[in-house]
Chemist: 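Okay, handing you the structure first.
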Amino acid sequence: MIVRKSPGEVAVMARAGRVVADLHEVLREAVRPGVSTMQLDEIAEREVRSRGAVPSFKGYRGFPATLCTSVNHEIVHGIPSRDVVLREGDLIKIDAGAIVDGYHGDSAVTWIVGNAYGDNPGVVDDEVAALVERTRAGLWAGVCAATAGARLSDISAAVEARALPHRYGVVKEYVGHGIGRSLHEDPHVPNYGRPGRGPRLLSGLVLAIEPMFNLGTADTETLADDWTVVTADGALSAHWEHTVAVTDDGPWVLTARADEPAWPLRDPSRVPRALDAAQAR
Ligand code: MG
Ligand code: MG
């Protein structure tokens with residue numbers, strides 16, 4: 001069952017989204033060689049709680065941490081650990097959620113360790129940097145497709161169109177989702193498929209759009225910890241996610257960070273530089 005939110009509920013979700021956005025800004029500064037993913041998690045829990053919010057993931061189906069931290073060939077749901085110490089050139093995917101007044105925000109980023117601000121591009125091969133940028137472009141293409149009156153699979157097709165020319169593996173077992181009082185609500189939001197299908201997007205629908213593109217196969221495996229999802233061939237993976245409200249004025253990116261447009265997204269020229277860069281390739 002798809003639950004649409006009232007404008008008042010969307011406003012609360014925007015507060016939850018802001019907590020997650022601010023958290024990602026703090027973590028982006030903390031991501032550097034020598035930092036463990038457990039240290040990132042400790043920072044995250046402190047930050048979320050200091051803002052009067054509650055971590056979405058901690059305790060969710062038994063997940064033990066505030067963040068999912070997935071490195072390199074890990075796609076999603078990695079568990080923070082003192083034993084996982086970041087090295088220059090690693091891809092660290094940080095997925096975070098926060099609850100404010102009963103409503104969730106959910107957002108994920110992929111930072112290149114040693115180049116989280118794009119000012120030290122030499123730490124990874126161009127092919128790796130392009131995977132990260134193009135996955136982010138996939139996210140924003142999906143965001144731009146989340147307009148009232150469109151169909152759900154228009155989002156899916158827009159995302160996938162960013163992967164197909166580059167033969168990336170588009171992860172199919174893990175997809176985006178509705179979000180609200182529950183972290184995962186209907187509908188599923190696949191990152192692949194033909195446009196023009198599925199439910200019509202109406203104002204008040206709030207979706208977490210979250211492409212995962214791999215440099216190799218789309219196939220995944222789950223590690224013995226029962227959480228960490230990895231690429232079956234060990235190739236690198238990137239993941240970006242925003243929580244987006246469909247409004248009559250355009251998509252409202254509830255988890256937008258300071259360098260990203262939030263709302264309304266009527267003007268495609270306002271999408272981030274990452275999208276432009278990926279388009280140019
Ligand atoms: Mg997430
Ligand atoms: Mg999500």
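Read the numbers this way: they start at 1 and go in the same order the structure lists the ligands and their atoms. Because only heavy atoms are used, hydrogens play no part in the values below, and waters and symmetry mates are left out as well, while side chains stay in.
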Chemist: So, His177 and the Mg ion (ligand 2): N/O/S under 2.8 Å, yes or no?
Modeler: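 Under 2.8 Å: His177 contacts the Mg ion (ligand 2) through an N, O or S atom.
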Chemist: Side chains of Ile155 and Ile209: closer than 4.5 Å at any heavy-atom pair?
Modeler: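 A side-chain contact exists here, since the closest heavy-atom pair is under 4.5 Å.
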Chemist: Taking only Lys NZ, Arg NE, NH1 and NH2, and the carboxylate oxygens of Asp or Glu, determine whether Arg82 and Glu42 approach each other closer than 4.0 Å.
Modeler: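 Judged by the 4.0 Å cut-off on N to carboxylate O distance, Arg82 and Glu42 do form a salt bridge.
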Chemist: Name whichever N, O or S atom of Asp106 ends up nearest to the Mg ion (ligand 2).
Modeler: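 This turns out to be OD2.
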Chemist: Measuring to the Mg ion (ligand 1), does Glu241 have an N/O/S atom at a distance below 2.8 Å?
Modeler: yes
Chemist: Quick one: are Leu205 and Pro187 in side-chain contact, heavy atoms under 4.5 Å?
Modeler: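 Result yes, sub-4.5 Å side-chain heavy-atom pair found.
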Chemist: Name the residue from Arg136, Lys93, Glu210 that meets the side chain to side chain donor-acceptor pair (under 3.5 Å) definition with His239.
Modeler: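 Answer after filtering Arg136, Lys93, Glu210: Glu210.
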Chemist: Among the N, O or S atoms of Glu210, which one sits nearest to the Mg ion (ligand 2)?
Modeler: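 Restricting Glu210 to its N, O and S atoms, the minimum distance to the Mg ion (ligand 2) goes to OE2.
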Chemist: What N/O/S atom of Asp95 is the closest to the Mg ion (ligand 1)?
Modeler: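 Going by distance to the Mg ion (ligand 1), the closest N, O or S atom in Asp95 is OD1.
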Chemist: I'd like to know if Arg28 pairs up with Asp259 as an ion pair, taking the criterion as any Lys NZ or Arg NE/NH1/NH2 lying under 4.0 Å from an Asp or Glu carboxylate oxygen.
Modeler: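 Salt bridge present between Arg28 and Asp259.
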